[in-house]
Amino acid sequence: MSIQSMALIGTGVMGMGIAQIAAQAGLEVRLFDAKAGAAEAGLNKLKSTLQKLQAKGKFSEEALNETLARFKVLDSIDQVAGVDMVIEAIIENLEIKQNLFKQLETIVSSDTILATNTSSLSVTAIASNLEHQDRMAGFHFFNPVPLMKIVEVIAGLATEETVVADLLELAQRMGHFGVRTKDTPGFIVNHAGRAYGTEALKALGEGVASISEIDRILREGAGFRMGPLELFDLTALDVSHPVMESIFNQFYQEDRYRPHALTRQMLAGKKVGRKVGEGFYKYQDGQKTNEEPIQTVPAITVFSPVWIKADCEQDAAILRDYLNENGFIIDAAEKPAVDSLIVLATYGEDTTTAALRFGVDATRAVSIDLLTDFTKHRTLMPSIVTQKSYVDQAHAIFAKNDHGVTVIAESIGFVSQRVLAMVVNLACDIAQQQIATASDIDKAVKLGLGYPHGPISWGDVLGAQRILLILERILANTGDQRYRPSPWLKRRAQLNISLLHTAAV
Ligand SMILES: NC(=O)c1ccc[n+]([C@@H]2O[C@H](COP(=O)([O-])OP(=O)(O)OC[C@H]3O[C@@H](n4cnc5c(N)ncnc54)[C@H](O)[C@@H]3O)[C@@H](O)[C@H]2O)c1
């Protein structure tokens, strides 16, 4: 069936966003809201948005008039009768949604598709009291709907395959990427999104770096559009902390999703983010007022020779080339000379552990993170006994030509290594759980979270074997099951094939 008409129940932010793209795709759209006047108000607001877009030349006046003519505001819910599909975007409450769909079943025909825009409730549970559960599915959009070109099509336990196919086709007609997903907590995008924030909070909680430093490392070094802590401030902790707790609990306290006491405390203290003027940062007129500047580069003129040890030859070569190009002396002996600065390029461990493993003097050792692009922001990690003079030298060496450098405290795995390994591993585990295909997960998360790569192909870019090494070492060093590699990641890294590879049978 090709869906030609829809009714939207709940004409708030999401409902009107969905209504807009549906009408623009040529569907007849009926609007109903329980609050008197809300549907009319929603439509008036949308009209003025569309008029502004038309004035900017986004579409013709004729197209504007045709789109506006497709809307109809309903006075009573009974008037939804006759549409091909009803989408619900009302309050996020299981019982209220269940009652609404039960009521809708008494109004529409038995083959009318029923869809929910829920982000956190089970589609199967919402449909559980219906007579015809097979025509009910999740159709989960992201805010703002016209700009976030993705919609998750969620198959509940009873959802008929043709309903999923009809919704995927409709998504495409509305200009969105429809991604098929199983009915599991957080579906794809909100599930995959658990890694970024929780690991950053864990690093912050361990005192590895400051709020501004963690955000800067992940923005400028790893390439995320926003740092995780400034992102928490934007989404607000009264929204995101309960989501972290809910997904953790729905998966029966799975360590991979473990939230952090830091945000629970901030929520209790009402420091929920930008909208109240304070979260991780303080804000005035929506702008941060207390972001720390980048660390000052120590003024050093005399440098010790630099002795290098890396987990892989490629990293050692990057460091040697850099030192040669910038006129620093390399100590190429097998063992470091007594006064050499010791630079270690390692994965998934702290500098103390790395220095002991390589059998070198920890008081002169500084590690550097080479997981992400060396030409971007650089992160250095001294051990807890490294002498300040050596830390300062390493800082000045790698900050040459005003290059951005952050020196962090000891961490088992650098900030970027920990966060990226968790992002890749969690997405791989979503593939392992067969919640969606690997390529769909990759595309959905890139679109839904705005990451520079899909989280699975990002693993390929960074090197699946390096990601595996980071996870295995952090797991061995901490004993925290949160870091255990997904079998999906481990097998593909062992075979040295793409993380997107799917078995033929
Ligand atoms: N805001 C988001 O970023 C976002 C993203 C994806 C999904 N969602 C989900 O979409 C749904 C709607 O969210 P929103 O942000 O648009 O909310 P909203 O508060 O902006 O709008 C909800 C609308 O539903 C109406 N409503 C409430 N109960 C009703 C009922 N029983 N019958 C008819 N109308 C009723 C309200 O009057 C209101 O106009 C929720 O399930 C939410 O979880 C929200």
Side-chain angles (χ1 to χ4, degrees), residues 6-22 29-46 49 73-80 86-108 114-123 125-127 129 136-154 156 167 171 176 178-179 181 183 185-193 231-232 234-240 242-243 246-247 250 273-275 444-445 447-450:
M6 74 165 59
L8 270 149
I9 313 293
T11 55
V13 179
M14 297 305 290
M16 288 316 296
I18 302 166
Q20 178 185 336
I21 61 166
V29 180
R30 301 185 200 172
L31 304 170
F32 178 77
D33 198 287
K35 194 171 150 209
E40 190 81 55
L43 183 57
N44 285 336
K45 201 168 153 213
L46 176 59
T49 306
V73 171
L74 307 183
D75 315 315
S76 135
I77 196 162
D78 296 336
Q79 294 167 320
V80 303
V86 182
I87 306 184
E88 159 282 306
I90 65 167
I91 186 171
E92 189 77 339
N93 175 294
L94 179 62
E95 210 185 322
I96 298 177
K97 286 193 198 279
Q98 282 174 330
N99 290 339
L100 172 69
F101 281 107
K102 247 194 122 33
Q103 185 187 8
L104 284 169
E105 241 190 355
T106 66
I107 301 169
V108 299
L114 300 179
T116 171
N117 185 47
T118 183
S119 9
S120 62
L121 301 171
S122 155
V123 173
I126 297 174
N129 297 329
M136 164 104 196
F139 207 34
H140 179 224
F141 287 88
F142 294 78
N143 188 20
V145 178
L147 300 181
M148 299 293 288
K149 304 263 178 204
I150 168 169
V151 54
E152 294 173 325
V153 176
I154 302 134
L167 292 180
H176 274 45
V179 56
T181 167
D183 185 19
F187 313 127
I188 302 173
V189 175
N190 287 339
H191 183 172
L231 184 60
F232 275 129
L234 182 66
T235 40
L237 290 178
D238 50 348
V239 176
S240 44
V243 172
S246 153
I247 292 198
Q250 286 186 77
R274 201 190 280 197
K275 69 181 179 188
V445 176
L447 284 169
L449 299 178

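Start at 1 and go down the list; that is how both ligands and their atoms are numbered.
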Checking a contact table here: which protein heavy atom is nearest atom 21 (O) of ligand 1, and how many Å away? Gly12 CA, 3.2 Å

Could you check which of Thr118, Leu100, Asn117, Ile90 puts a non-hydrogen atom nearest to atom 40 (C) of ligand 1? Ile90

Counting each atom of ligand 1 from 1 as listed, which ones have a heavy atom of Ile9 under 4.0 Å away? 33 (C)

So, does His176 use its side chain to make a donor-acceptor pair with the main chain of Glu152 at under 3.5 Å? no

Could you tell me the residue and atom name of the protein heavy atom closest to atom 22 (C) of ligand 1, and the distance to it rounded to 0.1 Å? Ala89 O, 3.6 Å

Can a donor-acceptor pair be found, under 3.5 Å and without considering hydrogens, that links the side chain of Gln98 to the backbone of Ala125? yes

Quick one: which of Asp33, Asn190, Leu8 has a heavy atom closest to atom 39 (O) of ligand 1? Asp33

Could you list which atoms of ligand 1 come closer than 4.0 Å to a heavy atom of Lys97? 40 (C), 41 (O)

Check each atom of ligand 1 against the heavy atoms of Val13 and keep those under 4.0 Å away; list them by number with element. 16 (O), 20 (O)

For the CZ atom of Phe232 and the CZ atom of Arg274, what is their distance to the nearest 0.5 Å? 15.0 Å

Tell me the contacting part of Leu121 for ligand 1: side chain, backbone, both, or neither, using a 4.0 Å heavy-atom threshold, strictly below. neither

His140 neighbourhood, listing ligand 1 atoms whose heavy-atom distance to it stays under 4.0 Å: 6 (C), 7 (C)

With respect to His140, which candidate in Val179, Ile154, Ile188, Val189 satisfies the side-chain contact (heavy atoms from CB on, under 4.5 Å) definition? Ile154

Hey, is atom 19 (O) of ligand 1 touched by any protein heavy atom at less than 4.0 Å? no

Phe142, portion touching ligand 1 at heavy-atom distance under 4.0 Å: neither

Of all protein heavy atoms, the one nearest atom 33 (C) of ligand 1 is Ala34 N, 3.3 Å

Looking only at non-hydrogen atoms, the one of Gln103, Glu152, Lys35, Met14 nearest atom 14 (P) of ligand 1 is Met14

